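What follows is one structure encoded as structure tokens, with my remarks underneath.
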Amino acid sequence: MQDTPTKETPREGTSSSASCPMQRPEREKEKGENEDLKRRNEDLRKENEDLRKENEDLKREKEDLKRENDDLKRRAFSFDFVVASCTKNLLKYYTGFTLVTFMSLFSFLVPDESVSPVKYISRKAACMSIPLKDQLFLVLCRLRKGFPLQDLGFRFNITMQLSSIIFNSWIHYMYLRLGYLSLWPSRNNLIAQMTPEYKRLFSTTLAMIDCTELKTDTPSSLKVQSQCFSNYKSSTTLKALVVTDSRGSFMFSTSLFSGNISDKDICKEGGFFNLLRDLVADGKLLPGDAIMADKGFVIDKELEQLGLKLNIPPFSSSSCQLSPGDIETTRQIATHRVHIERAINRIKNFKLVGRKIPGSLFGSINEIWLVCCYLTTFEDILVRQKT
């Protein structure tokens with residue numbers, strides 16, 4: 001009987017030959033995944049390093065652009081730029097004032113630079129982002145040179161609307177602030193400031209008056225055209241009365257009236273007679289004192305009621321010529337009245353009122369006119385005493 005072969009059973013603790021080939025591919029797969037992760041991690045590290053360097057480059061570029069922007073701002077049209085310019089008298093060219101006078105005016109208008117005294121019409125935050133000196137500089141540039149608002153917006157790197165808000169807000173503030181100034185001196189001061197020649201001839205003539213007219217665009221209304229038409233200028237105008245002392249220093253001006261108003265009516269409607277009445281009551285004028293004017297001012301009766309006199313050139317009759325004495329009086333008055341004409345020309349050096357007035361300014365032209373009048377008091381005296 002043949003023996004049948006017996007199957008050997010595997011021993012405990014030993015794995016079968018079939019399990020080894022199954023675990024080897026898994027280990028190789030894990031190893032490959034680890035290698036892939038290492039490579040990806042290295043790539044991410046390099047990418048992160050590149051981004052860090054790029055970020056640093058962008059930061060440096062940002063700093064360069066900021067410095068360039070600051071430099072451009074410093075070189076933009078501004079008060080500091082004009083003051084630092086190598087061009088002589090550039091500030092006076094744009095504003096009519098030297099640096100010392102500009103700072104005196106600024107100190108008067110803005111006692112505390114940390115607080116704006118101006119009540120802005122709108123967009124206060126945008127206005128306050130501009131230094132106060134630059135705002136005043138903008139206003140004076142427009143008054144003196146007559147720059148349009150669009151031009152000012154371009155120069156100061158702001159919108160035309162913002163330049164309009166700044167200008168109108170400052171004009172209203174300056175009108176109120178300067179309007180509180182008392183410009184009529186005491187009688188003794190007026191006499192003390194007279195030149196020797198003027199004091200010898202007209203010692204009691206303490207003020208000179210004259211009217212001036214500003215040409216305007218033709219109004220659309222026919223009625224307004226008729227009221228504003230001036231036969232003297234052959235154009236539509238606005239008219240004001242100006243009062244100075246013997247040296248041509250500004251003391252008073254009426255508001256602007258339509259161009260066809262008479263010299264007598266503007267003295268009444270503009271408050272000049274009321275002003276004289278108050279000055280007499282305050283002792284700044286005494287009975288017998290005189291006002292110098294030209295022949296167009298037929299106000300002798302009104303002045304007589306106040307105890308004052310009118311000093312005008314003599315009239316010639318149709319039947320005879322002026323006497324030698326009258327001719328000499330006329331010459332003497334004309335010689336000294338030239339100073340009030342110079343004072344009016346000084347006001348009109350502010351080209352915004354010296355040129356034809358556009359219709360867009362009719363709403364604020366009174367304030368603009370009076371601000372220009374008061375600003376002349378910050379300029380040098382026209383006639384100085386000879387020492």
Side-chain angles (χ1 to χ4, degrees), residues 73 76-83 91 94-97 99 101-181 183 214 216-217 238 240 250 253-256 347-379:
K73 284 183 178 180
F77 192 74
S78 64
F79 172 75
D80 291 335
F81 171 76
V82 171
V83 170
L91 181 64
Y94 281 115
T95 65
F97 300 124
L99 177 59
T101 307
F102 180 94
M103 293 307 300
S104 298
L105 174 63
F106 181 77
S107 299
F108 172 76
L109 294 174
V110 187
D112 184 1
E113 195 169 351
S114 63
V115 180
S116 174
V118 182
K119 305 299 182 183
Y120 298 101
I121 301 171
S122 61
R123 300 186 62 185
K124 180 177 180 181
C127 294
M128 288 303 299
S129 66
I130 303 172
L132 292 175
K133 285 190 180 71
D134 284 343
Q135 294 185 37
L136 177 59
F137 180 55
L138 181 151
V139 173
L140 293 179
C141 283
R142 177 155 167 77
L143 292 176
R144 192 70 178 187
K145 308 306 293 184
F147 290 146
L149 293 171
Q150 188 173 7
D151 184 283
L152 289 171
F154 173 77
R155 289 173 184 267
F156 287 87
N157 196 27
I158 57 178
T159 63
M160 184 179 73
Q161 181 188 15
L162 188 59
S163 63
S164 174
I165 292 171
I166 292 174
F167 178 77
N168 291 325
S169 300
W170 269 84
I171 285 296
H172 183 65
Y173 168 69
M174 293 169 72
Y175 168 76
L176 297 176
R177 178 73 170 156
L178 294 170
Y180 280 107
L181 292 176
L183 298 182
L214 313 180
T216 70
D217 284 346
L238 298 173
F250 173 78
S253 174
T254 65
S255 299
L256 293 168
I347 299 171
K348 291 186 177 181
N349 282 337
F350 291 96
K351 293 182 180 179
L352 198 62
V353 296
R355 296 174 178 171
K356 181 178 286 189
I357 309 299
S360 59
L361 288 180
F362 283 0
S364 57
I365 189 60
N366 261 321
E367 293 186 355
I368 293 173
W369 165 254
L370 290 171
V371 166
C372 291
C373 291
Y374 277 96
L375 286 177
T376 60
T377 63
F378 288 84
E379 300 181 30

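In this text the structure is predicted, and so the values were computed from the model without any measurement.
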| message | Under the rule for ring-ring contact (aromatic ring centres under 6.0 Å, His included), what residues qualify as partners of F350, not counting sequence neighbours? | response | none
| message | Test your reading of the model: is there a side-chain donor-acceptor pair from S163 to the backbone of M160, 3.5 Å cut-off? | response | yes
| field | Check: R123 and T159 side chains under 4.5 Å, non-hydrogen atoms | value | yes
| remark: The ring-ring contact (aromatic ring centres under 6.0 Å, His included) partners of Y175 (sequence neighbours excluded) come to none
| remark: With sequence neighbours left out, the residues meeting side-chain hydrogen bond (donor to acceptor under 3.5 Å, both in side chains) with S164 are N168
| Contacts of Y94 that satisfy ring-ring contact (aromatic ring centres under 6.0 Å, His included) - sequence neighbours left out | F77
| said: Does anything in residues 156-180 form a salt bridge (charged side-chain N to carboxylate O under 4.0 Å, His left out)? List the pairs, not counting sequence neighbours. | reply: none
| query | Taking atom CZ of F378 as the centre, does the number of heavy atoms from other residues, nucleotides or ligands within less than 6.0 Å exceed 12? | reply | yes
| Minimum side-chain heavy-atom gap L109-P117 below 4.5 Å | no
Donor-acceptor pairs under 3.5 Å, side chain of residues 130-152 to any protein atom, not counting sequence neighbours: which ones?
residue	atom	partner	partner atom	Å
K133	NZ	E113	OE1	3.3
K133	NZ	E113	OE2	3.0
D134	OD1	F79	N	2.8
Q135	OE1	Y120	OH	2.6
Q135	OE1	W170	NE1	2.8
Q135	NE2	Y120	OH	3.2
Q135	NE2	C127	O	2.8
Q135	NE2	I130	O	2.9
R142	NH1	F147	O	2.7
D151	OD1	R155	NE	2.4

| message | How about CG on D217, more than 12 heavy atoms from neighbouring residues, nucleotides or ligands closer than 6.0 Å, or not? | response | yes
| Any donor-acceptor N/O pair, T95 side chain to L91 backbone, under 3.5 Å | yes
| note | Taken in chain and number order and not counting sequence neighbours, the residues that satisfy side-chain hydrogen bond (donor to acceptor under 3.5 Å, both in side chains) with T254 are none
Please table the atom pairs, donor to acceptor, closer than 3.5 Å between any side-chain atom in residues 355-369 and protein atoms at least two apart or in another chain.
residue	atom	partner	partner atom	Å
N366	OD1	L256	N	2.7
E367	OE2	H172	ND1	3.0
W369	NE1	S253	OG	3.0

| task | Look at atom NZ of K124 and say whether more than 12 heavy atoms of other residues, nucleotides or ligands are closer to it than 6.0 Å. | result | no
| Is there a side chain to side chain contact (heavy atoms under 4.5 Å, CB included) between S169 and K119 once you walk through the steps? | CA-CA 6 Å; S169 300; K119 305 299 182 183; over 6 Å; no
| request: Tell me, please, which residues at least two apart from S114 pass side-chain hydrogen bond (donor to acceptor under 3.5 Å, both in side chains). | output: D112
| Can you list the residues that meet the side-chain hydrogen bond (donor to acceptor under 3.5 Å, both in side chains) rule with T216, with sequence neighbours excluded? | T236
| task | List the steps, then state whether side chain to side chain contact (heavy atoms under 4.5 Å, CB included) holds for L375 with F250. | result | CA-CA 10 Å; L375 286 177; F250 173 78; over 6 Å; no
